[in-house]
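Please read the structure below before turning to the comments.
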2 protein chains.
Amino acid sequence: MTNRDPEESEPVERGTAERALDVAERLVQVRGFNGISYADISAELGITKASLHYHFATKADLGRALIDRYAERFAEALRLIDRERSDAPSKLDAYAELYAEVLRGERMCLCGILAAEYQTLPEPMQGAVTAFFDDNEHWLEAVLAEGEAKRALKLSAPRREVAQGILGTLEGAMLVARPYGDPTRFDATARALLAGLTG
Amino acid sequence: MTNRDPEESEPVERGTAERALDVAERLVQVRGFNGISYADISAELGITKASLHYHFATKADLGRALIDRYAERFAEALRLIDRERSDAPSKLDAYAELYAEVLRGERMCLCGILAAEYQTLPEPMQGAVTAFFDDNEHWLEAVLAEGEAKRALKLSAPRREVAQGILGTLEGAMLVARPYGDPTRFDATARALLAGLTG
DNA sequence: GTCTATAGGCAGATAGAC
DNA sequence: GTCTATCTGCCTATAGAC
């Protein structure tokens, strides 16, 4: 369990900007970027909107910082998986579990929900969203390559396509599961997906 | 090709309410419900916001009408598939093609994009979104049952779970493909999904 | 059914005091 | 860094004339 929610951690010293990102991240993962406002965030934080603007001049700045931090934390989680899991199937299992954790927090993947709003996002945010997906797919491709080399995985399509398929499938399973408030909807799809790769 | 875009069809007589739904549907499928306004719709329609309020008193009413009409049209497309396709694999193929068509129009599935915004939707819209998913899954379950009976499909999980997996996978493949403006990203995932069922 | 006009609220953002 | 105060603009929605 690496991808801990900062808001649930021990109360270490955190600056206002960091705490603002914590609140904004959760709100966006629940309501979407177009569904939240400076008022929402600053109210939860106990400061004024003007103070929040001091840390993030524009909403685009805030959104960009949100994605960058999320992507970094996700990348760190992937490095931890590489260290702690030895074979490809186990790594893919841990990867799916990252998504399941997010969903159990009643949230959508940050970049998944931003993908839905993609056409309305300021440009710097758009680039950061696809960069997140690209990073994930590259990591998945490496895992798939390792799995093929060690005969632990059998792919029926090019690695790149399979990697894209894994990402899309997990994002979609989250997307549909959340309205039902039922994380097990996600689990079944994830299990079937991974079973199809080891088959 | 059943699910034709009314805006691209021959100019048959259409009332203002219908034309408003056409415009709103496209806008929501591109920008999301929180990303559009009465001003956007009425401007494209060449009428005032007040006139639009005559047809749809509140935005919630408009949204509800949007989903209901979309769901009806989708259900009609499914009935056509049942009539024109004889075996389960072919039906699933046609089902995936419905999604591919939407994506080629640079749109997201209406209910897929609304699922992302679910927590901010007025209640009547929330119920209509899950009802759409439920309808789709019931149809898929029936197709899967037929495919199993005729030994055309081999399922490695309960029909219900497989149906949920198909829906989620296709929605997710659309969600991620759209930011890249590359419909082929969707096709690869859809093909692999169906191949795994006939396997 | 469509219009003009407008209400009332909230959005993102800024100026300037402390 | 945080505040109060304020601006401008857009939002949903309504009143009432035509």
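Remember, it's a predicted structure, so these values are computed and weren't measured experimentally. Here is the naming used below: chain letters follow the sequence lines, and residue numbers restart at 1 for every chain. Values below: every heavy atom of this structure, side chains too, minus hydrogens, waters and symmetry copies.
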Exercise. Which ones in residues 116-127 of chain A lie close to DNA chain C, meaning a heavy atom under 4.0 Å from one of its atoms?
Worked result: none

Suppose we screen for salt bridge (charged side-chain N to carboxylate O under 4.0 Å, His left out). Which residues come up paired with [X], at least two apart in sequence or across chains?
| X | result |
| --- | --- |
| A:R151 | none |
| B:R64 | B:D68 |
| B:K49 | none |
| A:D93 | none |

For this session: Take nucleotides 4-15 of chain C nucleotide by nucleotide from the 5' end and write B, S or -, depending on whether a protein heavy atom sits under 4.0 Å from the base, only from the sugar-phosphate, or from neither.
Result: B------SBBBB

For this session: Please collect all side chain to side chain donor-acceptor pair (under 3.5 Å) contacts where either partner lies in residues 185-199 of chain B, sequence neighbours excluded, each pair once.
Result: A:E137-B:R185

Exercise. Which residues pass the side chain to side chain donor-acceptor pair (under 3.5 Å) test with A:Y38, sequence neighbours left out?
Worked result: none

Exercise. In chain order, what residues pass the side chain to side chain donor-acceptor pair (under 3.5 Å) check against A:D61, with sequence neighbours excluded?
Worked result: A:T58

For this session: List the steps, then state whether side-chain contact (heavy atoms from CB on, under 4.5 Å) holds for A:S42 with A:I47.
Result: CA-CA 5 Å; A:S42 53; A:I47 62 174; 4.0 Å; yes

Problem set entry | Bounds of contact between DNA chain D and chain A, in 5' to 3' order, using a heavy-atom cut-off under 4.0 Å | D:dG1 to D:dT4

For this session: Go through the structure and list residues passing ring-ring contact (aromatic ring centres under 6.0 Å, His included) with B:Y118, not counting sequence neighbours.
Result: none

Problem set entry | side-chain contact (heavy atoms from CB on, under 4.5 Å) partners of B:E72, counting only residues at least two apart | none

